[in-house]
**Q** 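Below are the structure tokens for one structure; questions will follow.
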Protein chains: 2
Amino acid sequence: MGEAMKNDKKSNLYEQVYVSIKEAIVKGVLSPNERLREVRLAEMFDTSRTPVREALRKLEKERLVTFEPSIGAKVTELNDETITSIYECRSVLEGLAAKKAALHIRQEDYYQLSEYIILSRQYFQAGNIEQVVEKNTLFHETIVKLSRNPALIQMVEHVRTEILRYRIITSSFGFRTRGFDEHDAILEAINGQDPDSAEELMKKHIQEDLQNILSGLNQYSVNFNC
Amino acid sequence: MGEAMKNDKKSNLYEQVYVSIKEAIVKGVLSPNERLREVRLAEMFDTSRTPVREALRKLEKERLVTFEPSIGAKVTELNDETITSIYECRSVLEGLAAKKAALHIRQEDYYQLSEYIILSRQYFQAGNIEQVVEKNTLFHETIVKLSRNPALIQMVEHVRTEILRYRIITSSFGFRTRGFDEHDAILEAINGQDPDSAEELMKKHIQEDLQNILSGLNQYSVNFNC
DNA sequence: ATAATTAATATTGTATACAATTTATATCAT
DNA sequence: ATGATATAAATTGTATACAATATTAATTAT
């Protein structure tokens, strides 16, 4: 896949490499535990090792890549403990986001968020799961941005990337339709300017989501690993 | 194993450079908004630019360093909005840590945590503020580790480094003695295996701390900037 | 044939070299 | 002197070269 980047030569190469490796990991092109040899990656993206190494340093901080002493980089492996620990963090962070959003929401934000919920329901009816996930993601992202807390926005974005790895594996296994109703309730709390309810509902919502992911992950293990 | 290692070059150089730059930023040796020229840093640590660049990539992810398009790296500036946004995150993250700690605490952990509180009070009596800060930090760190949540541990460590920058500036301006009592209360809730109280008390404690930092930061601005 | 030792290879970690671009300085025309 | 233009220096971004170490293959001794 060496022809990955012919066009946009505007930005930095290490930035592009960073994004590309990240995507490859998230989408599973690079498998968990796979060793990441620098020369191979460099060839893959048709660059030298320098941008690759810098990209790997950034990915390490995002827990997508793990460095072992003098062996080098590996794709961080997936397991129940990791996803659980991440989700616990996500729960309180997005809970905070919902709380803050309730202080900042405006008419137009409300319409936007309503739209996402409506669309995700429609796409679900139509069986277009990919679009459902996208609209749901937008719903969450919008709320996080409404928090107007830069540190929070960065942290959640971080966490979201990690979670996406698991979601891609498990998305084929059923969908939690109750989630739509929970989104409704969260939005009403935010729009009703009730920060505490918004926080609590969001935390619960994400905890429910974790349960769904975990059962999906277990099925996955049963079907493919054993 | 043979000693007489020239420059204790056991670990990687980019790791050392990373730690060194980080420390320099936290301690204010490198000032906020100061431009970080790669050659200068390389000379500073007697290396080439390569390890410096890799270190900077990691620091960027920790928000200690900011990259501007083709200008390069700068030390991220300090301001009220940033510290507030970070503290809001810290509040919910350490709140979660306290909650989880209440599920995992053992006798020995309790004794350890009590010890830290006792020592910090003693050092305060003795006027040794540096040691007070150290023991307080250990108190918080221990609780976070008790959460047994790896993602949480990493995130909080992250956040703690950033906060340290502000604490160093403001530590000279008074100390919030009420904090000791709050630590007592938190520890009792954790040891009493009351996760919800532990979480709530920790969140409040950190919010109080923010107010103290902010007033310190304002004094600082008044005294030095204007 | 097996274990131990040695040679070859691969891979990471670091330094240097080069290209592109920006920034600062100097030169010149008016 | 002033402003414009050209020249030099500095700085980032990328590629390559080299050194140290770990891994693998080959060779030898038993």
Side-chain angles (χ1 to χ4, degrees), chain A residues 1-22 24-25 30-31 33-62 64-77, chain B residues 1-22 24-25 30-61 64-77:
Chain A
M1 339 286 177
E3 78 296 335
M5 47 194 63
K6 276 176 184 166
N7 307 347
D8 46 333
K9 58 200 167 189
K10 257 272 184 357
S11 77
N12 301 331
L13 204 43
Y14 67 81
E15 199 65 37
Q16 293 176 242
V17 172
Y18 162 73
V19 172
S20 300
I21 298 180
K22 187 167 173 174
I25 291 174
L30 297 170
S31 313
N33 249 329
E34 181 174 345
R35 193 170 163 188
L36 296 172
R37 291 187 181 80
E38 294 170 5
V39 282
R40 189 167 159 277
L41 289 173
E43 285 165 4
M44 206 163 149
F45 302 110
D46 200 34
T47 67
S48 76
R49 281 171 58 213
T50 311
V52 169
R53 285 179 66 88
E54 295 182 11
L56 290 176
R57 294 286 163 265
K58 294 182 71 167
L59 291 165
E60 182 189 10
K61 281 278 168 203
E62 286 187 83
L64 294 175
V65 158
T66 312
F67 277 82
E68 298 191 16
S70 54
I71 295 158
K74 279 185 168 183
V75 178
T76 305
E77 70 172 348
Chain B
M1 297 306 159
E3 280 162 321
M5 289 183 292
K6 289 176 202 167
N7 299 332
D8 62 293
K9 292 222 191 286
K10 186 150 194 258
S11 77
N12 301 332
L13 203 44
Y14 66 80
E15 198 66 36
Q16 293 175 242
V17 172
Y18 162 73
V19 172
S20 300
I21 298 180
K22 187 167 172 173
I25 291 174
L30 297 170
S31 314
N33 250 328
E34 182 174 344
R35 194 170 162 188
L36 298 171
R37 290 188 181 79
E38 294 170 6
V39 281
R40 189 168 159 276
L41 288 172
E43 284 165 7
M44 207 164 149
F45 302 111
D46 201 35
T47 67
S48 76
R49 281 171 57 213
T50 311
V52 169
R53 285 179 65 88
E54 294 181 12
L56 290 177
R57 295 285 163 265
K58 294 181 72 168
L59 291 166
E60 184 189 8
K61 281 280 169 200
L64 293 176
V65 159
T66 312
F67 277 83
E68 299 191 14
S70 54
I71 295 159
K74 280 185 168 184
V75 177
T76 304
E77 69 172 347

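Side chains are part of it too, since the values below use all heavy atoms of this structure and drop only hydrogens, waters and symmetry mates. Letters A, B, ... are given to chains in the order of the sequence lines, protein chains preceding strands, and every chain is numbered from 1. Remember, predicted model here, so these are calculated numbers, not experimental data.
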**Q** Regarding A/R53 and the six-membered ring of A/Y14, is the cationic atom NZ or CZ under 6.0 Å from the ring centre and inside 45° of its axis?
**A**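 No, A/R53 does not sit over the ring of A/Y14.
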
**Q** When A/V75 is tested against each of A/N33, A/L36, A/V65 for side chain to side chain contact (heavy atoms under 4.5 Å, CB included), which residue passes?
**A**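 When side chain to side chain contact (heavy atoms under 4.5 Å, CB included) is applied between A/V75 and each of A/N33, A/L36, A/V65, only A/L36 qualifies.
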
**Q** Which pair of non-hydrogen atoms, one from A/M44 and one from A/L30, has the smallest distance, and what is that distance?
**A** CE-CD2, 4.3 Å

**Q** To the nearest Å, give me how far apart CD1 (B/I71) and P (D/dA10) are.
**A**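 One finds 19 Å between P of D/dA10 and CD1 of B/I71, rounded.
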
**Q** B/L13 vs B/F45, test: side-chain contact (heavy atoms from CB on, under 4.5 Å). Steps then yes/no.
**A** CA-CA 10 Å; B/L13 203 44; B/F45 302 111; over 6 Å; no

**Q** Send over the distance from A/Y14 OH to D/dT12 P, rounded to a whole Å.
**A** 11 Å

**Q** Separation of A/E43 atom CD from C/dT11 atom C1', in whole Å?
**A**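 Going from A/E43 (CD) to C/dT11 (C1'), I get 13 Å.
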
**Q** Run through B/R57, B/E54, B/K58 and flag the one making a side chain to side chain contact (heavy atoms under 4.5 Å, CB included) with A/K58.
**A** B/R57

**Q** What would the secondary structure line of DNA chain C be in dot-bracket form, counting Watson-Crick and G-U wobble pairs under 3.5 Å, with [ ] for pairs that cross earlier ones and | for pairs with another strand?
**A** ||||||||||||||||||||||||||||||

**Q** B/I71 vs B/R35, test: side-chain contact (heavy atoms from CB on, under 4.5 Å). Steps then yes/no.
**A** CA-CA 9 Å; B/I71 295 159; B/R35 194 170 162 188; 3.8 Å; yes

**Q** Rounded to the nearest angstrom, tell me the gap between atom CD in B/E68 and atom C1' in C/dT22.
**A** 14 Å

**Q** Figure out the CD/P separation between A/E15 and D/dG13, and round it to whole Å.
**A** 10 Å

**Q** Can you tell me how far apart NZ (B/K74) and CZ (B/R37) are? Round to the nearest 0.5 Å.
**A** 10.0 Å

**Q** In whole angstrom, what separates A/R35's CZ from D/dT24's C1'?
**A**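 Those two atoms, CZ and C1', are 12 Å apart.
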
**Q** Over how many whole Å does the gap from A/F45 atom CZ to D/dG13 atom P extend?
**A** 20 Å

**Q** Which atoms form the tightest heavy-atom contact between B/I21 and B/A55, and what is the distance?
**A**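 Smallest interatomic distance, heavy atoms only, reads CD1-CB, 4.4 Å.
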
**Q** Hey, what are the protein-to-nucleotides 15-17 of chain C N/O distances that come in under 3.5 Å?
**A**
from: C/dA15; atom 1: OP2; to: B/S48; atom 2: N; distance (Å): 2.8
from: C/dA15; atom 1: OP2; to: B/S48; atom 2: OG; distance (Å): 3.0
from: C/dA15; atom 1: N7; to: B/T50; atom 2: OG1; distance (Å): 2.7

**Q** Distance check needed: C/dT14 C1' versus A/E38 CD, whole Å only.
**A**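 Distance, rounded to whole Å: 12 Å.
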
**Q** Would you indicate, yes or no, if D/dG13 has its OP1 or OP2 atom less than 4.0 angstrom from a side-chain nitrogen or oxygen of B/R53?
**A** yes

**Q** Is the distance from OP1 or OP2 of C/dA10 to the nearest side-chain N or O of A/R37 less than 4.0 Å?
**A**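 For A/R37, the contact criterion (side-chain N or O under 4.0 Å from OP1 or OP2 of C/dA10) is not met.
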
**Q** By the 4.0 Å heavy-atom rule, please label A/L36 as base, sugar-phosphate, or nothing.
**A** sugar-phosphate

**Q** Please assess A/F67 against A/L56 for the test side-chain contact (heavy atoms from CB on, under 4.5 Å), listing each intermediate value before the final yes or no.
**A** CA-CA 9 Å; A/F67 277 82; A/L56 290 176; 3.8 Å; yes

